[in-house]
Amino acid sequence: MADLMTATHEAAHGADHGAVQGAMAAPYAGAGSPYRWGMSVDLDRCTGCGACVVACHAENNLPIAGPIDTDEGRSVDWMRVERYWEGHYPEVTAHFVPVMCQHCTNAPCEPVCPVFATYHTPEGLNGMVYNRCIGTQYCQNNDPYNVRFFNWFEAALNFVEPLANQLNPDVTVRSRGVMEKCTFCVHRIREAAADAKAEERLLEDGEITTACAQSCSANVITFGNLLDPHSKVSTAIASARRFRLLEALGTEPVVYYLKGGQA
Amino acid sequence: MERREFLKLSGLAGTAMVLGGCEDYSSQLIAYVERPIALEPGTGNHFATTCDLCSAGCGVSVRIIEGRSVKVEGLDGHPLSHGGLCALGQAGVQHQYHPDRFRGPDLRVKAGEVSPDYLKLKMLFDDVFKAKKRPTTVPENFKVGLTSFAAPDFALADAKAAEARKFGADLWAQAADRLGRVLAASGAGTVVVLGPQVRGHRYQLFAQVAKAFGAPAPVIVEPFGYEAVRAANQAVYGRPDMPYVDLANTELAICFGEEPFTTGPAPTLFNWGFGEMRRGRELVRGLFVAVSTRMGEAATVADLWIPVRPGTHGVIAQLALHAMGKGGVSVAEAHEKTGAPVERLEKFVRWVAATELKVAFGGGEVLGHTNAVETLSLVNGINVAAGMVGRKGGIVPAAPSPIAGMAPPAPISYKELVKLVDRMKAGQVKALVVAGVDLFMALPGDAGLEDALKAVPEVVSMATVPDDTAAHATLVLPDSTFLERWGDATPSVGSGSSVATLMQPLVVPFFETRSAEDVLLTAAKAAGKDLGFASAEAYFKARWAGIASDNQVPGTQSAWKKALRNGGVHKPAQGAPLAARMPAADLPAPRFEGGEQDFPFVLQPVKSMKYREGQAAHLPWLQEMADPMSAAAWGGWLEVNPHTMAKLGLAQYDEVVVKSLYGEVKVGVVPYPGLPEDVVGMPINFSRRNGTRYDGVEGGSTWEATMKKDPGRGEDARALLGAKAAQAAGGLAWGSVRVSLTPTGAKSKRLVLVSKSIQPQESPAVPARVEQEFKVWPIS
Amino acid sequence: MSDTYVLARYREVDPAAAGIQRLLGASVKPEDIDVMTGVPYPEEVWGLPESKSNIRKVAALFWVIGACCGFTLAAGTAWLYPLPTGGKPIVSLPTTAVIVYEMSMLMGIFSVAAATLIESKLPNFKKLPYHPAVSDGHVVLSVRCMDESQATKVDEVLKASNADEVLRHV
Amino acid sequence: MKLHPPLVHGDDKINRDILRPLFETSWRWWALFGLCLTGFGAGFVTWMWMLGAGMWVTGLHRPVMWGVFIANFVFWVGLSHSGTLISAILRLAKADWRRPITRAAEAMTVFTVLMAAQFPLIHLGRTWFFYYIIPYVNQREMWGNFRSPLAWDLMAILTYLSGSLIYLYLPTVPDFAIARDYATTPVRKKLFTMLALGWRGTRKEWHRMNLAILMLAVLVLPVAVSVHTIVSWDFAMALAPQWHTTIFGPYFVLGAIYSGMALVVTLTVLIRWAFKWEDYITPFHLDKLSKIMLVAAILWTYLWCGDYLITWYGRLPEEKVILDIKNGGAYFWHQLTMMLANTIVAIPMLAFKKVRTSPWALLFLTVFINVGMWLERYLIAVPTLVQKGPAYTWTTYSPTWVELMMSIYPFAGFVMLYVLFVKMAPFISIWEIREDRVAEAYKTMGQAKLRAIVAE
């Protein structure tokens, strides 16, 4: 029994995902995936311009909530730029933190779903299966980053004709009553990975990127394979400025932030 | 296969998803084995084109799937976008598929009154939508989620589409005739007004047509424009155009009032430069200093923010000159004049003195003050004093377009615009042709534009989406979007390269719209003034003929095709050297309208990246996204310092009447710690009286899914501004109005906040949380 | 021929118990004597051989079966289709324990109820010897007789034991 | 004193008194039933409308995904506790004063759980797919995720509901037999014949019944404890400030016993008054119940203070902000009312025998306590969520009329089921009352020498 448990556990998570750099080097032994997707967000480059937010909306068919529901907190922004004020004028400072799903290795949102609508994929993604979701909304409660979004209304109805023509056919328009969240643009990964597999090769660094990373002209966001020590993201996070959001919770996110300022 | 042919076919293949396809093809089928090479059902293709939503002219790459444009992305390697793209550019698809877009030409009998023909056309297109999205089980007025959709009736949709297209084409024939007659009849009394994003040969064609009809050359109107920057550049660099600010290679960038990353002349370019400056080099991390009254995005990301009283930015420029030993003012004096903390000023002085490569630039809120030209001249003076004009990491002269004569003239100043309005009022303008700009967005509320437009017998609007100007038009000839038409552009700002971007029709015009070029050519022909071009395509191909020698590679594609593929041509280049004259050292004090007693607050109008100069207001994504600083969405808000709020007894969401000498608006309050206590901020150009469902002053549209009544965006902050406040350079001093705040005692129904926890003084844990989030953990 | 039952109704317990002793004395087999009461009396009251029941054993057995079912449900199904969530092992003992606990309790409760009914031969809607006075707290003795002669004899014995009423159930 | 059963069948006073509500229906019953049916119906229509419209009709929004619905769920599961749990404890402890109380309490358990169990469904985004959570063999070869506390909830509530139903039904069988024997109309005769399962009260039947009740009490007691513990784990398993605490299990169980006892007392007082059962339910019983309530109140207060002190002392920033809004912010009045109801008023009042034996004082007090306990559930669910996670996403929560209707719904539904049950089964366990009297009456019995109190 113990063997079984250890084996399956390692199959899913790799033997040692606690140590930072070592974790990323450790493959998902059982699953054997050569990829472990991760992201770095360089806060020192970020200007809070919001291009990533719109890019995410455009790529992932995020619904338009309208003024009233936006004010009531029902807008959907898989990617948002948080702004924090500190102090008072003139000794006031502010910070921008772009926040999306952190795709935690130990995602607190996953185990609480009673129907496996969200689970961890072998590539380290926090997967969300819309048609399995029954909308308990528990995952959002257990999500320390508040990056999960509930479909309060039928999104398709707010894509007034002909606005619906803009929808990306690679991404589902989620129906009412299900949770959704940043997927790391999994449809792009799958498409490219399938092509690469057909050519019997692995995906190269830079071959795919997420919509947010692509849109960012300041190159704040880098997306790539953490298992590849030479990938841009691996290089970027080999920095003393690195930190992860609410790291003390032990959720082991794969989104690494690089601290801003003169450090 | 020719691109045009491909596009027709792609439109056809997409009939299942899109209205597109010319009527000739829309009900035909093409064998899959004979499909065009680039058309794979379900697979997207990227095509290069140019974004024309602002004057920057970024090259973009658009993803086309089955005849639909689904995403606008940055074009890799383009000197302006560097592969990225700003929020507005990406919302281009919503511009394209905007539900309130003009369906076709509207040949009005009376100004502002929609013609029955247009209503019929609109109905025909609505029938197409209905045929494709047929709700069942639930009546129309109970669209709350139970709605399920019956299978689309494509045959009916095709038939209706064909009918609509045919009817639209007939209307166009009449419209072109009418435009020709209008131009011929008005002759010299015709005024053509173009938007600032007209950055290519479109201007030349308009000019050619105007000339053919004996009208004066078209003018370009830039709402809340850069007159002062051009004047200061003229004074210091000897040329009015905007040079390349080489952030990427500098050590210290000093930004005066501008929000270069969100609303400046080229946000993507400055964003890229900023990223490179900060972390793009191995050893150097550039420092960024922001000088502003309101803490905006630039001040937020700055290494040092120098908060100054409204209109005193120039003093900090003088301080910088002082730090370099070129006169100016001392720290104590600067502190006295600007109110900035001494230690920050001292730090600034140290940085200026210690760095070799530095660059200063200005704009944004500085442009709104009466002393804008003097201030910006002093800012340019920093570059001169530091010897950074023409140097890498400094001010690099903008390179001219690779196609000579492509760049349009500079926009007219605000003062000239007011003169034009006066001429209209006086009945001297017989016909006004407006393309690519909403004149209401360029003028304060009391400019009397409405009366002026009423005095013009023929107002021709070429707007794509309904706006206030189009609402007063006698003839609406909707232009196709940048995804549907031919065009080209050369950037308005320097980028270190010589750039000409090419715009190509990637999708079939969604509705019965025509590109302005096609309309002009047809109208001119109808009026007996053939310009010699069969179509817009022929026109632009002819204009781009000159690039052949540069790009021709034997045995490969033609230069034209290569340019199409690459979205134009560009190569690293610098313009002719700039002059470097030291500006006059004196700085006049800013003037404000309204007495301090009656109007205790200075109004700082904010150009939000959500609305830009008004061209983003109708796009739901941008309306809905949180403003980076205030976290407000959907319309306007009033930023007030929390201490001021406490003094006035105001809370978040409280509605206040903001009153100036010129008008008043009602708006909800947002606590904003980044403003002095006697300054309030409010965005401009977020609403239109006769806008779309997304930017209308008064709500009206019901959100279909939720049946919630849209309260509308509310009266725009332009209503508070006075028309007379002009600067030396002729720009509108939009930041020089004082206002009073009167609480109405009610909560604002229009204020929409994405984040409501923005009161640090009331939530002591917020900084603690930030500390925690920003905590750096050691590498194990 | 079906069995004949002789029923005797008593207002009080003591004469009823005495009646049983008389019956036993009259060599009626203990298994033919049954007592119907409106309230449960301790077994000792009647002086009859004690009732035996397997409910405890059945409950224990099903408790264990329930535990196994719970484990199969929680651990087995997770292992059949392994989907990692939240860094937790596919077979997580602490969470499995909760299901094991609940399932064992559920099966235990069901088995107690089922065993009770089965052992008591309930539900049973056949016409069995009964007297509605049981509902009022009367004690009713029911004696199964093989034949008429025995029934007559029992009749006499019961009448002699101060029964308020003696009747036949056929 | 000897118990003298009636000379003629059908003339027993206990039977007549207690069976009276089964056979006689007054206009007041119809009025109450009608009122409840209206409330229940209105709630049900609201629910159906919400299903059609979407969850936006509630005040819920990100990150407050659990609002009044879940507070109601916890509240109603909590209320259920004192029925089965107290009945089982008292049976095991052979506390004879329980006899007139248990049936009403056990019925309360079943109906409150029935109401509570609807709330997870009401709350689902896609209620129509609720069966995805049920482990059944399906073509996808997918099972539920038993690592989720919601799956535990499902199992626990299923077990608890089954157990409580059996625990309510089995001991009622002998009473159904009495009702069968007393029934006059053919319909009732048929109904109670079915419900009585052919019970005759034979020696073996009683032996097995007594054994079964004992076994069920043993089994259902830990289930009851586990149910509310697992409900508490819905919160405690989440990495949310003020939820992620080990104290929640016992704290919830005690809160449940407390609120459940309060409801038992409320119902007991009302039943006693409505059916004029003062002979069966005496101030002595109310005193006993109130004493349990007092103990629960003191223990609940103890755990609440422990939780509060630890949070206050720890001053973890994310927990402190939530404590702050309870102590002085938006939830100040909620918390003050809760403390007044559950501790400051309840404990001193319950300390007086005069209060404990006064039905009307108890009625007021217990209703107030349950108001406080509802607020406690609300205070657990909502403040944590409004200020959870990044401060940028903090928000406020105000329920809409939909949540109000869905709070009336279980009240109306519960009372409706309860008054229906009045027509279905004797509300006081007749045989247990009679057993008690028999036990007290006899000193010597037949061949046995026994003590004054006899019980199986």
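Heavy-atom basis, side chains included; hydrogens, waters and symmetry copies ignored. Below, chains carry the letters A, B, ... as their sequence lines are ordered, and counting in each starts from 1.
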| Under 3.5 Å, is there a donor-acceptor pair between the side chain of D:Arg208 and the main chain of C:Lys52? |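 A pair under 3.5 Å: yes.
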| query | Between the main-chain N or O of C:Ser135 and the side-chain N or O of D:Arg434, is there a donor-acceptor pair closer than 3.5 Å? | reply | yes
Which region of [X], side chain (C-beta onward) or backbone (N, CA, C, O), has a non-hydrogen atom less than 4.5 Å from a non-hydrogen atom of chain C, or is it both or neither?
X: D:Pro135; value: side chain
X: D:Asn145; value: side chain
X: D:Trp199; value: both
X: D:Ile230; value: side chain
X: D:Thr229; value: neither
X: D:Pro222; value: both

Of the non-hydrogen atoms in [X] and [Y], which two are nearest, and what is the gap between them?
X: D:Glu435; Y: C:Val39; value: N-CG1, 3.4 Å
X: C:Gly38; Y: D:Trp206; value: O-CZ2, 3.4 Å
X: C:Phe125; Y: D:Met194; value: CZ-O, 3.8 Å
X: C:Tyr101; Y: D:Val223; value: OH-N, 3.9 Å
X: D:Leu197; Y: C:Leu122; value: O-CD2, 3.3 Å
X: C:Ile109; Y: D:Gly163; value: CG2-CA, 3.7 Å

Most chain C-contacting option - heavy-atom pairs closer than 4.5 Å, from [options]:
options: D:Met237, D:Lys204, D:Met215; result: D:Met215
options: D:Pro174, D:Ala156, D:Gly144, D:Ala151; result: D:Ala156
options: D:Glu432, D:Arg147, D:Glu205, D:Met155; result: D:Arg147

Report yes if some heavy atom in the side chain of [X] is under 4.5 Å from a heavy atom in the side chain of [Y]; otherwise report no.
X: C:Val98; Y: D:Phe146; answer: no
X: C:Ser120; Y: D:Met209; answer: no
X: D:His207; Y: C:Ser53; answer: yes
X: D:Tyr182; Y: C:Asp136; answer: yes
X: D:Leu219; Y: C:Trp63; answer: yes

Distance, nearest 0.5 Å, that separates [atom1] of [X] from [atom2] of [Y]:
X: D:Leu158; Y: C:Met105; atom1: CG; atom2: CE; answer: 15.0 Å
X: C:Glu102; Y: D:Leu154; atom1: CD; atom2: CG; answer: 10.0 Å
X: D:Thr159; Y: C:Phe110; atom1: OG1; atom2: CZ; answer: 8.0 Å

Checking [X] against chain D: side chain, backbone, both or neither under 4.5 Å from a heavy atom?
X: C:Lys121; value: neither
X: C:Leu80; value: side chain
X: C:Pro94; value: neither
X: C:Leu117; value: side chain

| said: Given the ring of C:Tyr5, does D:Arg200 sit roughly above its face, with NZ or CZ under 6.0 Å from the centre of the six-membered ring and within 45° of the axis? | reply: no
| task | Decide if atom OH of C:Tyr130 counts as having more than 12 heavy atoms of other residues, nucleotides or ligands within a radius under 6.0 Å. | result |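 Yes, enclosed.
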| said: Please check if the number of heavy atoms outside C:Arg56 that lie under 6.0 Å from its CZ is greater than 12. | reply: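 Incorrect, the count does not exceed 12.
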| task | Heavy atoms only, distances under 4.5 angstrom: which of C:Thr96, C:Thr116, C:Ile99 has the most pairs with chain D? Name it, please. | result |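 The answer is C:Ile99.
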| query | Of the listed residues (C:Ile20, C:Leu106, C:Val140), which shares the most heavy-atom pairs with chain D below a 4.5 Å separation? | reply |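 Answer, by heavy-atom pair count under 4.5 Å with chain D: C:Leu106.
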| Does D:Arg203 come within less than 4.0 Å of C:Glu43, counting only side-chain N to carboxylate O? |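 Counted as a salt bridge, because a side-chain N and a carboxylate O are separated by less than 4.0 Å.
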